[in-house]
Every structure is written in C-alpha cells, then in structure tokens.
Amino acid sequence: MATHICVAPSDLVQCLSAVTTSPDATGQRFLRLPHPRTNAPSLFLAPDQPGASTSKTASSTILEVQSISPDASRSWFTSDDQVVGDGKLVVFTPIDPLFLLLPIMSTIAPTNSATPAQFRPLEDIFEDAANKLSQSSSEQHPEGIASEDVLFFGRLGCVVDAMRRLCDVKEITEDIIVYRFSQSVLLPQLQAKVARLSDPVAFGSFRSLARGLAKDGLGVEAGAEKEGLRELARTKGACETLSQYLPAEVYEALLASYDFTALDAHLKALAAADDSASAVITQGKENVDESGAKAKAKDAKGGKKGGKGGAGSRGIQQLAKANVQGMAKLSSFFTKKDKAAA
C-alpha cells in the first residue's frame with residue numbers, strides 16, 4: 001500500500017482514526033469533480049454518508065486534495081525511522097461546496113442566454129449534470145468524471161444547504177423543493193467572502209497580498225491619506241484571490257459589482273511615472289554611449305594613430321623630446337642576421 005505525507009485538518013485526522021477503531025464511525029470518500037475555474041477533473045474528499053450532518057465538522061466538510069511534487073527526486077524520513085520514497089506532499093484544504101456547484105450549474109444552463117432557466121428539483125439538476133459531465137469529460141480528459149461522483153455529491157447535506165446560497169428556491173410542497181440558479185443570489189455570497197478576506201488584519205496575514213499593496217504604493221508607509229485607495233486595492237486583491245475558484249464570467253460579474261475607477265486611475269498614473277523614469281534612464285544610457293562613441297572616434301582620428309589633430313599623452317610628448325642619436329632602432333633586433341663568411 002502506498003504511503004504519502006499529508007497536511008490535513010485535525011478533525012479529519014481524528015475522523016480517520018475513529019474509522020479504524022469503530023465500525024460505526026463515518027468514513028470519507030474521494031470524488032472527482034470539475035474544478036470551478038478550469039473545469040478540469042479534480043480530486044476532493046467528502047463524507048461517506050450523504051446528508052448525515054450539516055455541521056461544520058470533518059464528517060460534513062468537503063476537502064480539496066492537492067499534490068505538491070518536488071522538482072527533483074526526494075524522500076521523507078518519518079518519526080518512527082521509516083523512509084517514504086515518494087517525496088510529494090498531499091494537502092487537504094476545506095472548500096466551500098458553493099464553488100463546486102458553479103461548474104455543475106453552468107453545465108445545465110440554457111445555451112441561449114436570453115432564455116431564463118427553469119425551476120427544477122434537486123435530483124433532476126444533478127442527474128442532468130452527471131450525464132453531461134460524464135460525456136464531456138470522457139472526450140476532453142482521459143481520467144474523466146464519473147456520473148456516480150456527481151450524484152453522490154448532490155446528496156451531501158452541505159451541498160443541499162449551499163444550493164440555497166446560489167439559487168432561487170421555491171417550496172411547492174413540504175417534500176418538493178425546486179431550484180433555479182440566480183446570479184443575484186450568488187453575488188452577495190461572494191461579496192461577503194470578499195469583505196472577510198479584504199479585512200486589514202486578514203489581508204495582512206497573507207504576505208504576498210501585502211507585498212502587492214506596497215508595490216502599488218499603497219503600503220502602510222503611504223500614510224492615512226491613501227486609506228481609501230488602500231481599501232479598494234484590498235477589495236480587488238480579494239476578488240483576484242477568489243478568482244482562482246470562479247468561472248471567468250462569474251469573476252467578471254464580481255468585479256463589475258465594485259467601482260474601482262479611483263484605483264485604476266492611481267495604477268495608471270503609477271505606470272505612467274514608471275514609464276517616464278524608464279525613458280529617462282534609457283535616454284541617459286544612450287547619451288553616455290553616444291559620448292563614448294564620439295570620444296573613441298576622436299581618438300582614432302587624432303593622436304593615437306599619428307593624426308595631425310592628436311596632441312598625444314604627456315608621456316609620449318616627453319619621449320618625443322628624448323635624444324635618440326646613436327641608438328639602434330627597435331626593428332634592428334628583429335632582422336635576420338647575416339651568416340659569417342666561411
């Protein structure tokens with residue numbers, strides 16, 4: 001059996017440990033589902049009992065499974081003096097099922113954007129999506145997406161709850177509930193995530209995002225007068241972070257829901273200033289190169305090669321005044337000597 005080194009939430013570790021000791025404990029199941037942004041088949045870990053619980057615990061949370069492979073051959077040494085030959089690192093991170101529902105809902109969306117989507121029961125939505133995804137994935141990706149995984153995903157309790165956060169919902173009867181995807185319902189959910197991520201404390205905990213602010217001249221050192229622009233930059237940075245799990249059309253709609261006019265003007269002015277500075281540096285280099293070329297041309301035309309216009313260096317002028325009468329010429333040392341007569 002293959003062994004891998006993993007980084008996982010502590011709740012998952014406890015859940016897996018319970019499965020090995022108690023036959024009644026809830027296990028986990030791997031699912032291959034379309035990635036929210038790329039639609040490529042991706043691996044996720046879900047609870048093994050659909051609808052068992054909707055609380056935010058390891059038994060109900062969906063985890064994204066990512067493998068980080070080293071750039072060269074590596075191994076792991078464990079605490080029990082074992083060696084794991086596979087040097088990759090497997091990371092399990094919680095993911096909101098709302099993101100995973102986006103490619104599924106887009107699969108069953110009307111091909112004509114002018115045609116409104118219809119209200120449909122949950123079972124119909126996932127059966128239709130499962131058929132279409134299994135067919136399209138077999139054509140585009142060899143590993144494919146199994147219809148069983150999509151159907152199992154649709155029965156999870158956390159997924160049923162997430163459907164209410166991106167769909168219009170109608171309760172026909174107590175047992176019949178129908179759903180219809182609605183961007184007006186989805187956008188406030190995404191904006192709430194942007195607000196939490198753009199909070200100064202949360203945003204500053206990500207060093208890459210904080211460095212982006214400083215690069216745009218909006219770091220803490222910029223002062224309080226730039227706080228308005230700084231807030232816009234944090235909001236846009238949060239949107240860009242969320243875009244890693246959003247289809248392109250949803251990301252564009254999210255950006256359009258904010259007014260980044262002032263931030264865009266600031267970034268444009270910053271880019272123009274950088275271009276001007278680069279132009280000055282380039283012009284300075286060209287002037288130096290041109291001056292050097294002129295100086296070399298003057299030397300070549302002047303005294304270095306015996307031209308009339310060259311004055312020569314001080315050492316050459318002193319040598320010219322030296323008395324060389326009676327001295328052998330330098331060329332005499334390199335002439336062929338005559339052989340002595342026999």
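These values consider heavy atoms only, across backbone and side chains, with no hydrogens, waters or symmetry-generated copies.
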Approximate separation, where rounding is to 0.5 Å, of [X] [atom1] and [Y] [atom2]:
{"X": "Arg230", "Y": "Asp216", "atom1": "CZ", "atom2": "CG", "value": "12.0 Å"}
{"X": "Lys193", "Y": "Leu246", "atom1": "NZ", "atom2": "CG", "value": "10.0 Å"}
{"X": "Met105", "Y": "Ser182", "atom1": "CE", "atom2": "OG", "value": "10.0 Å"}
{"X": "Ile125", "Y": "Glu123", "atom1": "CD1", "atom2": "CD", "value": "9.0 Å"}
{"X": "Ile5", "Y": "Asp86", "atom1": "CD1", "atom2": "CG", "value": "9.5 Å"}
{"X": "Lys268", "Y": "Leu263", "atom1": "NZ", "atom2": "CG", "value": "13.5 Å"}

* Asked: So, is the end of the Arg120 side chain (NZ or CZ) under 6.0 Å from the ring centre of Tyr179 and within 45° of the ring's axis?
  ->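 Judged by the rule (NZ or CZ under 6.0 Å from the ring centre, within 45° of its axis), Arg120 is not positioned above Tyr179.
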
* Before giving the answer on side chain to side chain contact (heavy atoms under 4.5 Å, CB included), spell out for Val84 and Phe77 the whole-Å C-alpha distance, their side-chain angles and the decisive distance to 0.1 Å. => CA-CA 6 Å; Val84 179; Phe77 291 88; over 6 Å; no

Output yes when [X] and [Y] qualify as a salt bridge under the 4.0 Å nitrogen-oxygen rule, no when they do not.
{"X": "Arg234", "Y": "Asp199", "value": "no"}
{"X": "Arg164", "Y": "Glu171", "value": "yes"}
{"X": "Asp149", "Y": "Arg32", "value": "no"}

With a 4.5 Å heavy-atom cut-off, do [X] and [Y] have their side chains touching?
{"X": "Val91", "Y": "Cys6", "result": "no"}
{"X": "Ile172", "Y": "Val178", "result": "yes"}
{"X": "Leu151", "Y": "Arg155", "result": "yes"}
{"X": "Leu190", "Y": "Leu98", "result": "yes"}
{"X": "Val159", "Y": "Phe126", "result": "yes"}
{"X": "Phe44", "Y": "Leu63", "result": "no"}
{"X": "Leu213", "Y": "Phe203", "result": "yes"}
{"X": "Ile177", "Y": "Lys170", "result": "no"}

Counting only N and O atoms by type, is there a donor-acceptor contact under 3.5 Å from the side chain of [X] to the main-chain atoms of [Y]?
{"X": "Trp76", "Y": "Gly87", "result": "yes"}
{"X": "Asn131", "Y": "Glu127", "result": "yes"}
{"X": "Arg37", "Y": "Pro247", "result": "no"}
{"X": "Thr173", "Y": "Ile176", "result": "yes"}
{"X": "Asp259", "Y": "Thr261", "result": "yes"}

Can you name the closest pair of heavy atoms from [X] and [Y] and give their distance?
{"X": "Leu255", "Y": "Cys239", "result": "CD2-CB, 3.9 Å"}
{"X": "Pro188", "Y": "Val185", "result": "CD-O, 3.4 Å"}
{"X": "Ile104", "Y": "Ala129", "result": "CG2-CB, 3.6 Å"}
{"X": "Phe119", "Y": "Val169", "result": "CE2-N, 4.3 Å"}
{"X": "Ala262", "Y": "Leu232", "result": "CB-CD1, 4.1 Å"}
{"X": "Leu242", "Y": "Leu254", "result": "CD1-CD2, 4.4 Å"}

* Asked: With sequence neighbours left out, which residue pairs that include part of residues 256-276 fulfil the ring-ring contact (aromatic ring centres under 6.0 Å, His included) condition?
  ->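 Counting only pairs at least two positions apart or across chains, the ring-ring contact (aromatic ring centres under 6.0 Å, His included) contacts touching residues 256-276 are Tyr258-Phe260.
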
* Pairs flagged by ring-ring contact (aromatic ring centres under 6.0 Å, His included) wherever residues 204-248 is involved - sequence neighbours left out ->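 Non-adjacent pairs meeting ring-ring contact (aromatic ring centres under 6.0 Å, His included): His35-Tyr245.
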
* Pair Gln191-Ser257, side-chain donor/acceptor within less than 3.5 Å ->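 Checked: Gln191/Ser257 side chains pair up, N/O donor to acceptor below 3.5 Å.
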
* Hey, mind stepping through Thr78 and Asp80 against side chain to side chain donor-acceptor pair (under 3.5 Å) and telling me if it holds? -> CA-CA 5 Å; Thr78 63; Asp80 55 352; 2.3 Å; yes

* Asked: Hey, mind stepping through Asp264 and Lys236 against salt bridge (charged side-chain N to carboxylate O under 4.0 Å, His left out) and telling me if it holds?
  -> CA-CA 10 Å; Asp264 292 340; Lys236 191 169 186 179; 3.5 Å; yes

* Does CD in Gln118 sit with more than 12 non-hydrogen atoms of other residues, nucleotides or ligands closer than 6.0 Å? ->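 Atom CD in Gln118 is not packed in, count stays at 12 or less.
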
* Is the number of heavy atoms from other residues, nucleotides or ligands under 6.0 Å of Glu231 CD greater than 12? ->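 No - once you tally the heavy atoms of other residues, nucleotides and ligands closer than 6.0 Å, there are 12 at most.
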
* Asked: Which is it for Leu122 and Met163 under the side chain to side chain contact (heavy atoms under 4.5 Å, CB included) test, yes or no, and what are the steps along the way?
  -> CA-CA 9 Å; Leu122 195 66; Met163 285 290 290; 3.7 Å; yes

* To do: Let me see the working for Leu100 and Ile95 under side chain to side chain contact (heavy atoms under 4.5 Å, CB included), right down to the final yes or no.
  => CA-CA 8 Å; Leu100 302 182; Ile95 182 171; 3.9 Å; yes

* Working for side chain to side chain donor-acceptor pair (under 3.5 Å), residues Gln66 and Thr93 -> CA-CA 8 Å; Gln66 293 179 308; Thr93 52; 4.5 Å; no

* Give a yes or no on whether Leu43 and Val90 share a hydrophobic cluster (residues Ile, Leu, Val, Met, Phe, Trp, Tyr; joining criterion: side-chain heavy atoms under 4.5 Å apart). =>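 Both belong to a single hydrophobic cluster.
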
* **same_hphob_cluster(Val160, Phe152) at 4.5 Å side-chain heavy-atom cutoff** =>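 Yes: a chain of side-chain contacts under 4.5 Å links Val160 to Phe152.
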
* Which is it for Leu186 and Leu102 under the side chain to side chain contact (heavy atoms under 4.5 Å, CB included) test, yes or no, and what are the steps along the way? -> CA-CA 10 Å; Leu186 172 64; Leu102 294 177; 3.7 Å; yes

